[in-house]
Undergrad: 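Here it is: the structure, laid out below.
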Amino acid sequence: MINLDIARIFDEIADILEVKGDNPFRVRAYRRAARTIETLTQDLKVIAERGGVDELKKIPGIGEGIARKIVEIVQTGDCKKHRELTRELPPGLLEMLAIPRVGPKTIAKVHDELGVSSIAELEAAAKQHKLRGISGLGAKVEENILKGIEQYRRYRGRKLLSEALPRAESILEELKKRDAVERITIAGSLRRMRETIGDIDILVVSKRPKEVMDAFTSLEGVEDVVAKGDTKSSIVLKGMDVDLRVVDAGSFGAAVHYFTGSKHHNIRIRELGVKRGLKINEYGVFRVDTGEKVGGENERDVFRCVGLAYIPPELREDRGEVEAAQENRIPELIELKDIKGDLHVHTKWSDGKNSVEEMASTAIALGYEYVAVADHSPAVGIAGGMDEAKIKKRQVEIDSVNEQFEGEIRVLSSVEVDIKSDFSLDLPDDTLKELDVVVAAVHSKFTQDKATMTKRIETAMENEHVDIIAHPTGRILGKREPYEVDMERLMEVAKDTGTIMELNSFPDRLDLNDIHCRMAKDHGVPIAISTDAHDAMQMRDVIRYGVATARRGWLEARDVVNTRGMEELLNLLKG
DNA sequence: GCCGTTTTCGGCCCGACTGTTTTCAGTCG
């Protein structure tokens, strides 16, 4: 899919225009187009070849100019405007945008006045106190830039959802103990449950904001107080930025909406407000003519005032949710309680820590109807993969556990069979056909080219015994890039062969991701939300990240196979 | 650069905090 490449080109154009001080609305137009393109579930190349500029212009945020550039990129693989702009600026300049508290204006100034064009040069200039000669920059700015560079180097990149969420929850616990805190909630990307989190946003209702600020900035583990005001403060806590905002009870709904974002979603909502003569800010919804407050206590007020159905936080990314809410098409998103079983867990029979029985009793405690033990096949030697003999032995144990827990849980016998680099599966069909569920996955040779890797997975899907493709892109967040694969093609083959795609709930996988989930839904491909748990605690703890990602992918319970009861599920499998 | 039940031109979301400023620019979300 060429979409991500095109989005990157438009983002870079926006960056360069920003540093050049170009029209900020033009910058915004490029950014909005980039965000839209990133999340499109259809290949731009296909759209461009089918309908050209006219069809591209139907996509919101894409007009004549950007549509023409997309066609140009699809046809020539290059964009003239982008090429010309990149020549105008030294390559290191844009990297500086990633430094906290350093923005386009600062970069332009230090470049124009001192010829600084990289982070290293900026650091040297600050240390030699050369920045304070520039108008608008002083000693404090030098100090903040050095701090920013240090922060950028130390905590580059974002934290996993699974790291940020528990940390935020413990901050909430701590602040709840204070009398001044009447109400407290998580907002920001964490409330939207993004897979990675840049900073933690917290919203408090209080009549005594100063006390709250004091408590917040003196929390245990605070490394730096970046800002401290009457209603807003910012700290660095154990390597994460944490922002806190205090409002009064009458503004809570407007504030939680504003503070949840995303930024792009908020812009769309406020634009709708402007058209209706309304001003929307974190304090409420106001009539522009009279200044009268018409809403703000509840989050639903904000949507109601602009004529929209309620939009759950996970959808607020300006990915079409505003249009859907206008037409009353907001999906009934899947919830944790809809999950009736886990179709991918490991046991001691390969690299898991717990026995079949222990996994079964945990599944019972979770209220599940079934759990599929999907231990590795022989090729994954490091994980103690099972050969045919071992699978037979394990079956005896599964049968006995099923007898023991009859009526409480059904343990499905399964394997996570390796899809080898020569396209073959790691176990013969005769063995696979004996199993209740077959999960197939790639575990090696991640560097095969896109066409080969796509064919490799396609071949597995075409096997009449393979029910589910596990972690279909192989990514490990922060450690391993996804392998190259034509996801749209895979979705088509999955649909044709009746193969289920896994949403692996492990917080550093979340694979399929939210956008892929939505693509699957558009193609009519069912999803299995599985944990890939290697012990019982993981089976319990990580499923919520999978469900969150599914919600971000607009999935409803009916799109997910493991919301079905045992009998219905068995009907959805190939066997 | 996009977009139109106020417009095909002239708008384009909104406010807090900081630092360098005597009234505001820059950054952030």
Side-chain angles (χ1 to χ4, degrees), chain A residues 10 13-14 17-19 21-34 36 56-70 81 96-110 131-145 147-148 187-192 197-203 209 213 225-234 241-247 251 254-255 257-286 288 302 306-307 316 318:
Chain A
F10 290 152
I13 291 178
L17 292 175
E18 218 175 3
V19 173
D22 205 305
N23 178 354
F25 299 107
R26 179 180 289 130
V27 172
R28 205 174 95 186
Y30 276 109
R31 293 227 190 274
R32 181 170 178 220
T36 303
L56 289 167
K57 278 168 70 178
K58 289 182 190 156
I59 302 168
I62 293 179
E64 186 73 27
I66 289 184
R68 285 187 183 284
K69 289 187 182 67
I70 292 172
K81 168 132 183 169
M96 288 193 267
L97 280 171
I99 303 169
R101 297 181 292 282
V102 173
K105 305 289 183 196
T106 309
I107 291 173
K109 273 186 199 168
V110 298
L131 302 183
R132 56 184 67 174
I134 304 172
S135 96
L137 307 185
K140 197 76 189 170
V141 170
E142 273 174 356
E143 196 183 312
N144 278 338
I145 284 178
K147 265 191 194 173
S189 55
L190 201 47
R191 183 159 179 252
R192 303 198 311 277
I197 303 294
D199 51 26
I200 295 173
D201 295 306
I202 296 172
L203 182 68
M213 292 308 171
V225 177
V226 180
K228 186 178 177 184
D230 293 338
T231 67
K232 186 181 168 185
S233 292
S234 242
D241 283 331
V242 187
D243 295 339
L244 180 133
R245 187 78 185 256
V246 177
V247 295
S251 299
H257 177 264
Y258 153 81
F259 220 21
T260 296
S262 68
K263 184 179 174 177
H264 296 277
H265 168 88
N266 285 355
I267 289 174
R268 296 295 308 283
I269 300 295
R270 288 174 187 167
E271 279 171 355
L272 290 180
V274 170
K275 283 183 191 147
R276 291 172 170 242
L278 299 171
K279 182 173 78 166
I280 300 171
N281 57 29
E282 58 263 57
Y283 301 108
V285 183
F286 303 88
V288 173
V302 179
V306 294
R316 299 182 199 165
D318 192 19

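Every heavy atom of this structure was used, including side-chain atoms; hydrogens, water molecules and symmetry mates were not. Sequence lines set the chain letters: A, B, ... in the order given, protein chains first and strands last, and positions in each chain run from 1.
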Undergrad: Check every strand shown and say whether A:Thr106 touches a base, only sugar-phosphate, or nothing at a heavy-atom separation below 4.0 Å.
TA: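 Counting heavy atoms under 4.0 Å across all strands, the contact made by A:Thr106 is with sugar-phosphate only.
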Undergrad: Can you name the closest pair of heavy atoms from A:Ile202 and A:Val242 and give their distance?
TA: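 Between these two residues, the closest heavy atoms are CD1-CG1, 4.1 Å.
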Undergrad: Just to be sure I understand the rule, does A:Gly229 reach a base, reach only the sugar-phosphate, or reach nothing, if contact means heavy atoms closer than 4.0 Å?
TA: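 The answer is sugar-phosphate, as A:Gly229 gets under 4.0 Å only of primed atoms, P, OP1 or OP2.
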Undergrad: Look through every strand shown and name the nucleotide pairing with B:dG15 as Watson-Crick or G-U wobble, where both distances are under 3.5 Å.
TA: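 Because both required distances fall under 3.5 Å, B:dG15 counts as paired with B:dC28.
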Undergrad: Taking the same atom, C1', in B:dT20 and in B:dA25, what whole-Å distance lies between them?
TA: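 Those two atoms are separated by 9 Å.
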Undergrad: Please name the pair of heavy atoms, one in A:Ala187 and one in A:Thr260, separated by the smallest distance, quoted to 0.1 Å.
TA: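 Taking A:Ala187 first and A:Thr260 second, the nearest heavy atoms are CB-OG1, 3.9 Å.
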Undergrad: NA contact type, A:Ile269, heavy-atom cut-off 4.0 Å: base, sugar-phosphate, or nothing?
TA: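 Since no nucleic acid heavy atom lies under 4.0 Å of A:Ile269, the category is nothing.
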Undergrad: By the 4.0 Å heavy-atom rule, please label A:Lys57 as base, sugar-phosphate, or nothing.
TA: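 The answer is nothing, as A:Lys57 stays clear of every strand by at least 4.0 Å.
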Undergrad: Counting any heavy atom closer than 4.0 Å, what does A:Arg26 reach on the DNA or RNA strands: base, sugar-phosphate only, or nothing?
TA: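 Base contact.
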Undergrad: Work out how far the P atom of B:dG15 is from that of B:dG10, and round it to whole angstrom.
TA: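 Rounded to whole Å, the distance is 26 Å.
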Undergrad: For A:Ile267, answer base if it contacts any base atom (sugar-phosphate contacts may also be present), sugar-phosphate if it contacts only those atoms, and nothing otherwise; contact means non-hydrogen atoms under 4.0 Å.
TA: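 The residue A:Ile267 makes base contact.
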Undergrad: Quantified in whole Å, what is the C1' atom distance between nucleotide B:dC2 and nucleotide B:dT7?
TA: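 One C1' to the other, the span is 13 Å.
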Undergrad: For nucleotides B:dT5 and B:dG1, find the distance between their P atoms and express it as a whole number of Å.
TA: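 The same atom, P, in both gives a distance of 23 Å.
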Undergrad: At under 4.0 Å between heavy atoms, what does A:Lys263 touch on the DNA or RNA strands: base, sugar-phosphate, or nothing?
TA: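 If one applies the 4.0 Å heavy-atom cut-off, A:Lys263 turns out to touch a base.
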Undergrad: If you walk 5' to 3' along DNA chain B, what is the first nucleotide with an atom under 4.0 Å of a heavy atom in chain A, and what is the last?
TA: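 The protein-touched segment is B:dG1 to B:dG29.
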Undergrad: Hey, does the side chain of A:Ser251 reach the backbone of A:Ala254 with a donor-acceptor pair shorter than 3.5 angstrom?
TA: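 Answer holds: no.
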Undergrad: Considering only atom P, compute the distance from B:dG4 to B:dC13 and round it to an integer number of Å.
TA: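 So the two P atoms sit 14 Å from each other.
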Undergrad: Reckon A:Asp199 touches a base, only the sugar-phosphate, or nothing at all at heavy-atom distances under 4.0 Å?
TA: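 Since only primed, P, OP1 and OP2 atoms lie under 4.0 Å of A:Asp199, the category is sugar-phosphate.
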Undergrad: A:Arg32 or A:Val102: which one's nearest nucleotide on DNA chain B is closer to the 5' end?
TA: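 It is A:Arg32, whose closest nucleotide lies nearer the 5' terminus.
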Undergrad: Closer than 4.0 angstrom, basic N to acidic O: yes or no for A:Glu271 and A:Lys275?
TA: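 No, this pair does not count.
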Undergrad: Please determine if A:Asp201 and A:Arg191 form a salt bridge, counting it only when a charged side-chain N lies under 4.0 Å from a carboxylate O.
TA: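 So A:Asp201 does not pair with A:Arg191 through a salt bridge.
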Undergrad: Once you apply a heavy-atom cut-off of 4.0 Å, does A:Asn281 come out as touching a base, just sugar-phosphate, or nothing?
TA: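 Sugar-phosphate contact only.
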Undergrad: In whole angstrom, give me the gap between the C1' atoms of B:dG11 and B:dT6.
TA: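 Each nucleotide's C1' atom is 12 Å from the other's.
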Undergrad: Considering only the P atoms, how many Å lie between B:dG26 and B:dT22, rounded to the nearest integer?
TA: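 My reading of the P atoms in B:dG26 and B:dT22 gives 14 Å.
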Undergrad: What closest approach, in Å, do A:His257 and A:Val302 show between heavy atoms, and which atom pair accounts for it?
TA: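 So the minimum-distance heavy-atom pair works out to ND1-CG1, 3.9 Å.
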Undergrad: Counting only N and O atoms by type, is there a donor-acceptor contact under 3.5 Å from the side chain of A:Glu142 to the main-chain atoms of A:Arg132?
TA: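 Yes: the side chain of A:Glu142 pairs with the backbone of A:Arg132.
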Undergrad: Once side-chain hydrogen bond (donor to acceptor under 3.5 Å, both in side chains) is applied, do any residues pair with A:Asp243, and if so which ones, sequence neighbours excluded?
TA: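 By the side-chain hydrogen bond (donor to acceptor under 3.5 Å, both in side chains) rule, A:Asp243 matches A:Ser234.
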Undergrad: Would you call A:Glu18-A:Arg31 a salt bridge at under 4.0 Å N-O?
TA: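 Yes, A:Glu18 and A:Arg31 are salt-bridged.
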Undergrad: Could you tell me how far B:dC12 sits from B:dC17 if I compare only their P atoms? Round to whole Å.
TA: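 Those two atoms are separated by 25 Å.
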Undergrad: Under 4.0 Å, counting only non-hydrogen atoms across every strand here, what does A:Ala139 touch: a base, just sugar-phosphate, or nothing?
TA: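 Since only primed, P, OP1 and OP2 atoms lie under 4.0 Å of A:Ala139, the category is sugar-phosphate.
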Undergrad: Would you mind classifying the nucleic acid contact of A:Pro100 as base, sugar-phosphate or nothing, using non-hydrogen atoms under 4.0 angstrom?
TA: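 Sugar-phosphate: the residue A:Pro100, judged by heavy atoms under 4.0 Å, touches backbone atoms but no base.
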Undergrad: Scan A:Phe25 against the nucleic acid and name what it touches under 4.0 Å (heavy atoms): base, sugar-phosphate only, or nothing.
TA: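 The residue A:Phe25 makes base contact.
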Undergrad: For A:Ile107, answer base if it contacts any base atom (sugar-phosphate contacts may also be present), sugar-phosphate if it contacts only those atoms, and nothing otherwise; contact means non-hydrogen atoms under 4.0 Å.
TA: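 Nothing, no heavy atom under 4.0 Å.
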Undergrad: Between A:Val274 and A:Phe259, name the one whose nearest nucleotide on DNA chain B is closer to the 5' end.
TA: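 Final value for this comparison: A:Val274.
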